[in-house]
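Here is the structure we will look at.
Chain letters run A, B, ... following the sequence lines, proteins first, then strands; residues in each count from 1.
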Number of protein chains: 2
Amino acid sequence: MRPKLTLKQIAKELDVSISTVSKSLRDSPEIGEDTRQKVQAFAKLYNYKPNNIALSLKNRKTKTIGVVIPEIVHHFFTTVISGIEHVANEKGYSVIVCLSDNSFDKEVLNMEMLANGSIDGFILSVAKETMQKGDYHHLIEVVNQGMPLVLFDRSVEEVPSDKVIIDDVKGAKKAVQCLIDKGARNIGIISTVDYISVGKLRTQGYTEALVENGFEVNEKNILKIENMDQVEQEISAFAESGDFDALFAVNEHFAAAAVRAVRDKGQKVPDDVQVIGFTDGELSKRFIPSLTTISQHGSRMGEEAARLLIEKLEKSPNEEESYKTIIVETGLIERESTK
Amino acid sequence: MRPKLTLKQIAKELDVSISTVSKSLRDSPEIGEDTRQKVQAFAKLYNYKPNNIALSLKNRKTKTIGVVIPEIVHHFFTTVISGIEHVANEKGYSVIVCLSDNSFDKEVLNMEMLANGSIDGFILSVAKETMQKGDYHHLIEVVNQGMPLVLFDRSVEEVPSDKVIIDDVKGAKKAVQCLIDKGARNIGIISTVDYISVGKLRTQGYTEALVENGFEVNEKNILKIENMDQVEQEISAFAESGDFDALFAVNEHFAAAAVRAVRDKGQKVPDDVQVIGFTDGELSKRFIPSLTTISQHGSRMGEEAARLLIEKLEKSPNEEESYKTIIVETGLIERESTK
DNA sequence: GTGAAAGCGCTAACAT
DNA sequence: ATGTTAGCGCTTTCAC
């Protein structure tokens with residue numbers, strides 16, 4: 001077992017001072033040609049690589065980005081991470097991923113841990129529980145300490161920071177408009193409870209689209225799923241409860257469950273009931289029928305978030321503060337679950 | 001903007017020495033009761049937290065685990081990460097995730113980056129390209145430097161390290177046996193090319209199961225998918241090519257595609273053709289028909305890997321070296337795609 | 001009971 | 001052209 005080489009050891013080995021070694025390796029003009037050659041050759045031979053931790057301590061920056069997300073077993077977040085990774089690596093940054101499990105406490109804990117020098121800045125999507133509590137101290141605290149923060153997807157107005165979001169209202173309108181254009185007249189929405197901002201906004205988009213098309217909004221056509229353990233049952237009951245010719249689901253699981261509920265009811269998708277989802281994942285693509293969906297472009301969001309963060313990290317500290325919000329356009333992907 | 005507090009500042013503020021502050025905070029008995037109280041109160045008030053980087057440098061350990069995986073947009077890896085995260089956090093470790101994108105070069109680069117002091121040990125699943133090349137220098141190098149490494153899923157014999165794998169052969173046999181028990185007589189397998197060890201092993205399991213049951217093995221019933229861009233077409237052609245009454249797919253995408261191919265051919269799942277997959281993801285669960293599958297217990301694998309790594313990290317360095325291989329049992333989850 | 005000093009690995013201003 | 005020194009934030013040994 002051969003432990004990692006340090007400058008000190010090289011210096012001893014070559015019988016020069018540590019700083020000579022350091023300068024040689026960084027091609028400082030102060031150093032004589034021959035010494036430089038010698039040192040570089042030695043370093044190369046033994047595959048010297050500077051210690052990141054020491055560099056971090058010295059430079060007061062770690063070149064790593066902390067990502068905190070509610071859950072990873074979720075295709076959307078996964079694509080976001082992938083987007084973040086790509087631009088981060090491109091610019092020489094590492095990514096450290098923490099999961100909040102949608103818990104407020106874990107979110108706080110993770111952030112504290114990372115904020116103590118481990119990272120240069122945050123990219124974060126707020127935990128469900130945090131939104132519920134409406135307590136954003138930890139986020140505000142972090143920006144007060146001068147650590148850049150980019151919020152994405154589940155973002156909150158109360159925190160002064162860069163943001164990358166989609167236009168949920170517009171996306172939902174797009175979905176509903178699509179259904180109306182395809183002849184739907186009695187459209188149900190399967191959404192989440194209102195404290196999840198995306199659920200709320202998508203419901204709003206649904207309502208607006210109906211109104212703009214001169215349709216009535218019927219509260220009975222709006223399902224807000226509370227308990228994630230009973231998604232199937234709730235959706236089944238909902239489908240039974242009304243005479244829908246189209247259903248708009250705010251995520252792909254709900255959409256899949258909706259298709260199943262329609263089937264169970266003895267109706268056909270898309271002939272009797274059209275279904276449209278939100279978030280374009282594997283499930284939507286592979287499902288039979290494959291699901292028409294509003295795509296969120298997760299990896300685009302990740303890329304934008306990373307770019308925004310790195311931009312902030314690398315600008316001179318005395319530039320004036322300003323926060324951007326990037327709205328990533330949603331797309332409509334038509335597949336088999338609509339006519 | 002209020003930057004992070006350091007020991008130095010506390011010392012100045014309280015007009016004591018840095019070491020007094022340090023000791024007070026760590027409840028050293030050397031320090032007088034009153035000073036200790038004073039320091040601790042101050043630290044608490046201003047929410048002092050020690051700098052991780054400085055601690056890492058001092059202790060020569062980072063309390064973080066590096067995870068390198070081929071891709072994240074893949075439910076299995078996602079569940080593994082989630083498993084790793086949970087036990088890591090429990091034991092006070094952070095997790096830093098890097099993607100190799102199945103590229104040899106990116107795998108090497110990522111590992112070099114992480115190995116330079118950023119982490120205490122690796123959990124890794126080998127990139128496709130790396131397996132293809134059969135070049136494991138970077139892995140061996142890392143263990144030679146004394147950095148613990150745990151390989152999971154796509155593991156390689158050539159590297160002396162702990163391993164967490166599933167018994168692919170046995171899992172595949174379980175799948176095929178299930179099909180045979182349910183009356184299948186002409187079973188096709190949809191696999192990957194042989195340099196992907198899991199593809200090879202699962203194909204082997206398939207063959208063994210057939211032989212053990214007194215069936216003939218027909219090369220024409222074995223599809224090895226080469227080009228991931230043409231999965232659908234290849235599977236369609238394969239389904240058309242034979243008169244199968246059951247198909248065993250080595251992952252869930254292939255299984256979903258198989259169902260579709262069967263449908264396109266005008267046959268029914270499971271009545272005419274039964275289908276069974278490998279890896280239990282969202283897709284299998286939500287698909288219609290939902291897919292019978294061999295489950296890999298990704299999060300169990302992640303947990304085991306993390307436990308193995310942390311165990312090694314925390315044992316005294318002079319204990320004798322020994323490598324464990326943990327085989328996580330596969331399970332059979334019966335759903336609608338089999339009779 | 002408190003503080004000074006060394007050291008983790010590295011860089012850079014400042015000697016020589 | 002090379003070396004010495006200080007310092008990033010922290011712990012710990014050793015003096016006082």
Taking heavy atoms of chain B and a 4.0 Å limit, find me the 5'-most and 3'-most nucleotide of DNA chain D within that range.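 For DNA chain D, the relevant span reads D:dC8 to D:dC14.
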Can you sort out the partners of [X] under salt bridge (Lys or Arg N to Asp or Glu O under 4.0 Å), two or more places apart, ordered by chain and number?
{"X": "B:Lys23", "value": "B:Glu30"}
{"X": "B:Glu303", "value": "B:Arg307"}
{"X": "B:Arg36", "value": "B:Asp27, B:Glu33"}
{"X": "B:Glu107", "value": "none"}

Generate the contact string for nucleotides 11-16 of chain C. Rules: B means base contact, S means sugar-phosphate contact only, - means no protein heavy atom under 4.0 Å. BBBB--
B:Val16 or A:Ala54: which one's nearest nucleotide on DNA chain C is closer to the 5' end?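 In this pair, the answer is B:Val16.
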What donor-acceptor contacts under 3.5 angstrom involve side-chain atoms of residues 114-124 of chain A, with partners at least two apart or in another chain?
| from | atom 1 | to | atom 2 | distance (Å) |
| --- | --- | --- | --- | --- |
| A:Asn116 | OD1 | B:Lys4 | NZ | 2.8 |
| A:Asn116 | ND2 | A:Glu112 | O | 2.8 |
| A:Ser118 | OG | B:Asn52 | ND2 | 2.9 |
| A:Asp120 | OD1 | A:Thr62 | N | 2.7 |
| A:Asp120 | OD1 | A:Thr62 | OG1 | 2.9 |
| A:Asp120 | OD2 | A:Thr62 | N | 3.2 |
| A:Asp120 | OD2 | A:Lys63 | N | 2.7 |

Whole angstrom is fine here: how far is it from [atom1] in [X] over to [atom2] in [N]?
{"X": "B:Leu14", "N": "C:dG3", "atom1": "CG", "atom2": "P", "result": "11 Å"}
{"X": "A:Lys8", "N": "C:dA6", "atom1": "NZ", "atom2": "C1'", "result": "10 Å"}
{"X": "B:Glu33", "N": "C:dG1", "atom1": "CD", "atom2": "C1'", "result": "12 Å"}
{"X": "A:Gln9", "N": "C:dG9", "atom1": "CD", "atom2": "P", "result": "8 Å"}

Residues which pass side chain to side chain donor-acceptor pair (under 3.5 Å) with B:Glu311, listed by chain and number, not counting sequence neighbours: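 Applying side chain to side chain donor-acceptor pair (under 3.5 Å) to B:Glu311 gives B:Lys324.
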Contact check, side chains of A:Arg154 and A:Asn102, non-hydrogen atoms, under 4.5 Å: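 Yes, at least one pair of side-chain atoms sits under 4.5 Å.
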Sub-3.5 Å donor-acceptor pair from the side chain of B:Gln40 to the main-chain atoms of B:Ser24, do we have one?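 Answer holds: yes.
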Identify whether any heavy atom of A:Ser56 sits under 4.0 Å from a base atom; if not, whether one sits that close to sugar-phosphate; answer base, sugar-phosphate or nothing.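 Contact class for A:Ser56: none.
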Once side-chain contact (heavy atoms from CB on, under 4.5 Å) is applied, do any residues pair with B:Glu157, and if so which ones, sequence neighbours excluded?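 For B:Glu157 there are no side-chain contact (heavy atoms from CB on, under 4.5 Å) partners, ignoring immediate neighbours.
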Only pairs under 3.5 Å count here: list side-chain donor-acceptor contacts from residues 10-17 of chain B, not counting sequence neighbours, and write none if there are none.
| from | atom 1 | to | atom 2 | distance (Å) |
| --- | --- | --- | --- | --- |
| B:Ser17 | OG | B:Ser19 | N | 3.4 |
| B:Ser17 | OG | B:Ser19 | OG | 3.2 |
| B:Ser17 | OG | B:Thr20 | N | 3.2 |
| B:Ser17 | OG | B:Thr20 | OG1 | 2.9 |

What does the inter-axis angle of the helix from C:dG1-D:dC16 to C:dT16-D:dA1 come out as, five pairs per end, nearest 10 degrees?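 Axis-to-axis angle, ends of the helix: 70°.
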Pairwise ring pair (Phe, Tyr, Trp, His ring centres under 6.0 Å) hits with a residue in residues 98-120 of chain B, at least two apart: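 Counting only pairs at least two positions apart or across chains, the ring pair (Phe, Tyr, Trp, His ring centres under 6.0 Å) contacts touching residues 98-120 of chain B are B:Phe104-B:His138.
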